[in-house]
Amino acid sequence: GRVVVRHDHRNRTDTDFWVYRDPADSSLWLVPEFSGTSLQRYGNLPVADLTDIDFAPVSGYSRSMIEAVPGYGYVFKIVEGTTLHYAALRVTHVSRSYVIFDWSVQTDPGNPELVVHGNLATAVETGSRVPAAR
């Protein structure tokens with residue numbers, strides 16, 4: 001599965017989501033871009049760590065943008081063709097010009113489990129970088 005986030009998303013087909021800055025108050029929002037990407041906030045309270053987002057919900061996803069709030073978790077449903085992947089994001093910092101977050105993606109298609117447990121296969125680290133919002 002791919003995970004691409006870009007600030008300059010115009011005329012691109014490989015952007016899963018982007019970060020929008022509201023000109024009225026400089027709040028930052030997560031916006032699904034790729035047609036197969038939808039998201040939702042994970043629960044109604046902040047989460048202490050990305051690993052607290054253990055399973056992706058089955059339903060409740062939307063193509064609407066959601067405000068990036070420090071401490072809160074967000075879950076993504078990414079459908080590319082017939083392949084479904086889930087991903088999680090926890091916002092750690094937000095300013096007027098940037099957002100910092102932890103991110104995880106389940107590489108096993110259709111598997112909503114987002115926490116690594118012992119004795120399970122994990123993705124091999126590639127060392128590649130994911131372009132981030134500016």
Side-chain angles (χ1 to χ4, degrees):
R2 66 174 194 200
V3 178
V4 181
V5 57
R6 294 189 188 279
H7 173 67
D8 184 10
H9 63 93
R10 294 173 294 252
N11 301 319
R12 299 199 59 105
T13 59
D14 63 347
T15 302
D16 289 306
F17 72 95
W18 58 285
V19 178
Y20 167 76
R21 182 171 54 202
D22 187 328
D25 63 3
S26 295
S27 59
L28 299 181
W29 297 71
L30 307 174
V31 183
E33 177 70 14
F34 175 65
S35 63
T37 300
S38 55
L39 77 148
Q40 64 176 294
R41 189 171 60 202
Y42 186 78
N44 295 318
L45 298 171
V47 294
D49 191 80
L50 179 64
T51 58
D52 291 342
I53 305 173
D54 53 357
F55 277 88
V58 174
S59 62
Y61 296 88
S62 170
R63 299 257 320 133
S64 300
M65 65 182 184
I66 299 178
E67 186 174 5
V69 178
Y72 279 82
Y74 304 84
V75 181
F76 290 77
K77 181 178 177 181
I78 304 168
V79 179
E80 187 172 10
T82 59
T83 305
L84 165 64
H85 287 281
Y86 292 98
L89 179 151
R90 180 183 176 272
V91 175
T92 60
H93 298 83
V94 176
S95 80
R96 291 177 171 222
S97 58
Y98 66 85
V99 59
I100 299 174
F101 53 84
D102 295 323
W103 172 266
S104 68
V105 65
Q106 173 55 270
T107 58
D108 182 22
N111 186 347
E113 189 171 15
L114 295 168
V115 173
V116 175
H117 295 283
N119 300 321
L120 294 177
T122 58
V124 176
E125 185 175 335
T126 63
S128 62
R129 297 183 61 163
V130 176
R134 291 179 267 193

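For the single chain, residues carry numbers from 1 onward in sequence order.
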Taking it one step at a time, do V75 and I53 satisfy side chain to side chain contact (heavy atoms under 4.5 Å, CB included)?
CA-CA 8 Å; V75 181; I53 305 173; 3.8 Å; yes

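- Residues V99 and H93 have side chains not in contact (no heavy-atom distance under 4.5 Å, counting atoms from C-beta outward).
- Among all heavy-atom pairs drawn from Q106 and E113, the shortest one is NE2-O, 2.6 Å.
- The CZ atom of R21 lies 6.5 Å from the OG atom of S97; values are rounded to the nearest 0.5 Å.
- Within the 4.5 Å cutoff, side-chain heavy atoms of V69 are placed close to those of Y74.
- Minimum heavy-atom separation, L28 to S95: CD1-O, 3.4 Å.
- Minimum heavy-atom separation, I78 to A87: CD1-CB, 4.4 Å.
- In this structure, F17 has its ring center under 6.0 Å from that of F76.
- Residues N111 and Y86 have side chains not in contact (no heavy-atom distance under 4.5 Å, counting atoms from C-beta outward).
- Between the side chain of R41 and the main chain of G73, no donor-acceptor pair closer than 3.5 Å is present.
- For the atom pair CG (D102) and OG1 (T51), the distance works out to 9.5 Å, reported to the nearest 0.5 Å.
- S62 and P32 make their closest contact through O-CG, 4.1 Å (heavy atoms, listed as atom of the first residue, atom of the second, distance).
- At a cut-off of 3.5 Å, with distance as the only test, a side-chain donor of D54 or Y42 sits close to an acceptor on the other residue.
- Between the side chains of E33 and W18, at least one donor N or O lies within less than 3.5 Å of an accepting N or O.
- Taking every heavy atom of both residues into account, A68 and V94 meet most closely at O-CG2, 3.5 Å.
- Considering only heavy atoms from C-beta on, L89 comes within 4.5 Å of L30 through its side chain.
- Residues L50 and W103 fail the side-chain proximity criterion, which asks for heavy atoms closer than 4.5 Å.
- For the pair R96/S27, no side-chain contact is recorded, criterion being any heavy-atom separation below 4.5 Å from C-beta on.
- Residues D22 and W29 meet the side-chain proximity criterion, which asks for heavy atoms closer than 4.5 Å.
- At a threshold of 4.5 Å between non-hydrogen side-chain atoms, the residues T37 and L39 do not count as touching.
- Formation of a donor-acceptor pair under 3.5 Å by the Q40 side chain with backbone atoms of S59 is found in this model.
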